Amino acid sequence: MTAGLKTIIYPVKDIARAKAVFSALLQTEPYADEAYYVGFKDAGQDVGLDPNGHSRGMTGPVPYWHVEDIRARLAALLEAGAELLQDVTDVGGGKLIASVKDADGNLIGITQDS
């Protein structure tokens, strides 16, 4: 089981412009504001802007499923035929992420909090 979809990451080309747009949409300032990532929290959701997303194969927003054991879930996805896009990576604070592509080209992200 998962804890559901609580995170969505948007690949962006102009992070300053995207930050302004999402600040207007969510009517809040980001909790994380770095050159490599801008993150917002709104209504229990984590909304991230990734200026490097396109170079990692992100073609649009990627939903991230929250799981208890990211390595086991990633192995299960790969065994089921998914293609690895990003292996398990610690993005800070003990938060782990990984992503795959399904047979139809849909991107699936998984994340595990520490």
Side-chain angles (χ1 to χ4, degrees):
M1 290 186 54
T2 73
L5 290 168
K6 298 179 184 178
T7 303
I8 187 163
I9 307 295
Y10 289 84
V12 299
K13 294 182 179 168
D14 183 336
I15 199 159
R17 188 171 176 188
K19 180 174 74 171
V21 168
F22 277 86
S23 291
L25 171 67
L26 302 173
Q27 296 182 317
T28 188
E29 293 299 312
Y31 72 86
D33 191 354
E34 303 293 337
Y36 59 88
Y37 181 81
V38 172
F40 296 88
K41 291 199 182 291
D42 183 61
Q45 295 287 332
D46 196 0
V47 178
L49 309 175
D50 183 350
N52 300 306
H54 292 287
S55 66
R56 287 196 309 267
M58 294 173 73
T59 57
V62 177
Y64 279 78
W65 294 88
H66 287 243
V67 299
E68 290 184 19
D69 185 342
I70 194 168
R71 286 177 176 79
R73 192 58 58 95
L74 179 58
L77 288 166
L78 295 174
E79 186 175 314
E83 175 188 336
L84 181 66
L85 292 177
Q86 180 179 5
D87 205 351
V88 176
T89 304
D90 187 328
V91 293
K95 184 180 193 101
L96 304 174
I97 64 169
S99 61
V100 299
K101 185 186 306 185
D102 71 11
D104 293 311
N106 297 304
L107 304 183
I108 301 168
I110 53 176
T111 184
Q112 175 185 320
D113 294 324
S114 59

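It should be emphasised that the depicted structure is a prediction, and the values quoted were computed from it without experimental measurement.
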As a quick check of understanding, evaluate side chain to side chain contact (heavy atoms under 4.5 Å, CB included) for Val67 and Thr111, giving each step before the final call.
CA-CA 6 Å; Val67 299; Thr111 184; over 6 Å; no
Heavy-atom count around Arg56 CZ within 6.0 Å, excluding the residue itself: above 12?
yes
Verify side chain to side chain contact (heavy atoms under 4.5 Å, CB included) between Leu84 and Leu78, making sure each step is shown before the conclusion.
CA-CA 7 Å; Leu84 181 66; Leu78 295 174; 3.9 Å; yes
Quick check: do Trp65 and Thr7 have side-chain heavy atoms less than 4.5 Å from each other?
no
Would you check if the side chain of Asp102 reaches a backbone N or O of Gly105 as a donor-acceptor pair within less than 3.5 Å?
yes
Can Tyr64 and Leu5 be said to form a side chain to side chain contact (heavy atoms under 4.5 Å, CB included), step by step?
CA-CA 6 Å; Tyr64 279 78; Leu5 290 168; 5.8 Å; no
Can you tell me how far apart OG (Ser55) and NZ (Lys13) are? Round to the nearest 0.5 Å.
11.0 Å
Would you tell me whether Asp46 and Tyr31 have side-chain atoms, one donor and one acceptor, within less than 3.5 Å of each other?
yes
Thr89/Leu96 under side chain to side chain contact (heavy atoms under 4.5 Å, CB included): CA gap, chis, key distance, verdict:
CA-CA 5 Å; Thr89 304; Leu96 304 174; over 6 Å; no
Side chains of Val88 and Leu74, heavy atoms from C-beta outward: is any pair under 4.5 Å?
yes
Backbone N or O of Ile70 within a donor-acceptor pair of the Gln112 side chain at under 3.5 Å?
yes
For residues Ala35 and Ile15, report the shortest heavy-atom separation together with the two atoms involved.
O-CD1, 4.0 Å
Within 6.0 Å of CD in Glu68, more than 12 heavy atoms from elsewhere
no
Within a strict 4.5 Å, meaning less than it, do heavy atoms of the Gln27 and Asp42 side chains meet?
no
Quick check: do His66 and Asp113 have side-chain heavy atoms less than 4.5 Å from each other?
yes
Closest heavy-atom pair, Tyr36 versus Pro51, reported as atoms and distance to 0.1 Å, is O-CD, 3.3 Å
ILVMFWY network linking Leu107 to Ile8, side-chain heavy atoms under 4.5 angstrom
no
When you measure from the side chain of Asp50 to the backbone N and O of Asn52, does any donor-acceptor pair fall under 3.5 Å?
yes
The test is salt bridge (charged side-chain N to carboxylate O under 4.0 Å, His left out); show your working for Asp33 and Lys19 and say whether it passes.
CA-CA 9 Å; Asp33 191 354; Lys19 180 174 74 171; 2.8 Å; yes
Any Lys101 side-chain heavy atom under 4.5 Å of Asn106 side chain:
no
Is the closest side-chain heavy-atom distance between Leu85 and Ile108 below 4.5 Å?
no
If every non-hydrogen atom of Pro11 is compared with every non-hydrogen atom of Pro61, which pair is closest and at what distance?
CD-N, 4.0 Å
Identify the heavy atoms of Val62 and Gly109 that sit nearest to each other, and give their distance.
CG1-N, 3.7 Å
Determine whether Val47 and Phe22 make a side-chain contact, defined as any pair of heavy atoms from C-beta on separated by less than 4.5 Å.
yes
Quick one: do Phe40 and Val12 end up in the same hydrophobic cluster if we chain Ile, Leu, Val, Met, Phe, Trp and Tyr together by side-chain heavy atoms under 4.5 Å apart?
yes
